[in-house]
Amino acid sequence: PNGAPETFSSNPTDTVATLLARAVEKFASTGQINPQEAFNLVLHGRTLDGASTLADAGVGAGAVLSLRSARVPGDG
């Protein structure tokens with residue numbers, strides 16, 4: 001959120017939803033987001049499907065993802 005960087009370790013077989021939950025938990029713990037809101041992970045402007053594995057979604061080592069609000073049109 002707001003460009004705040006955070007690094008997460010993951011496995012290619014992890015789902016997008018698993019990584020999303022970890023990101024929401026991390027940013028919520030520091031008060032940067034409201035965990036009750038819906039969020040998406042976005043890669044190169046494309047919202048990732050939560051059911052996909054990271055590998056299937058094209059998320060490789062060193063990928064930079066954005067955490068975006070799901071309620072803002074055009075924000076992921």
Side-chain angles (χ1 to χ4, degrees):
N2 299 320
E6 188 65 45
T7 300
F8 294 91
S9 296
S10 60
N11 294 310
T13 56
D14 290 345
T15 64
V16 170
T18 299
L19 183 57
L20 174 60
R22 290 176 52 213
V24 168
E25 180 180 344
K26 176 66 176 181
F27 286 113
S29 73
T30 58
Q32 296 180 66
I33 62 169
N34 177 353
Q36 301 305 312
E37 292 187 32
F39 292 91
N40 295 314
L41 285 177
V42 177
L43 176 65
H44 304 301
R46 180 176 54 90
T47 299
L48 303 180
D49 177 5
S52 296
T53 65
L54 295 175
D56 289 343
V59 179
V64 176
L65 305 176
S66 298
L67 180 65
R68 302 276 175 84
S69 172
R71 67 181 174 88
V72 178
D75 197 28

So the salt bridge (Lys or Arg N to Asp or Glu O under 4.0 Å) pairs with at least one residue in residues 27-56 (sequence neighbours excluded) are E37-R71
Nearest 0.5 Å, what's the CG-CG distance between L41 and L65? 5.5 Å
Go through the steps for V16 and L54 under the test side-chain contact (heavy atoms from CB on, under 4.5 Å), then give the verdict. CA-CA 6 Å; V16 170; L54 295 175; 4.0 Å; yes
The side chain to side chain donor-acceptor pair (under 3.5 Å) partners of S52 (sequence neighbours excluded) come to none
Going by the rule side chain to side chain donor-acceptor pair (under 3.5 Å), which residues pair with S29 if we only count those two or more places apart in sequence or in a different chain? none
Closest heavy-atom contact between L43 and A63? CD1-CB, 4.4 Å
Candidate pair L20 and L67, rule side-chain contact (heavy atoms from CB on, under 4.5 Å), full reasoning: CA-CA 8 Å; L20 174 60; L67 180 65; 3.4 Å; yes
Side-chain donor-acceptor contacts of residues 3-12 below 3.5 Å, not counting sequence neighbours, with atom names and distances?
none

With rounding to the nearest 0.5 angstrom, report the OG1 to CG distance, T53 to L19. 12.0 Å
Determine which pairs satisfy side-chain hydrogen bond (donor to acceptor under 3.5 Å, both in side chains) with at least one residue from residues 14-26, sequence neighbours left out, and list them in order. T15-T18
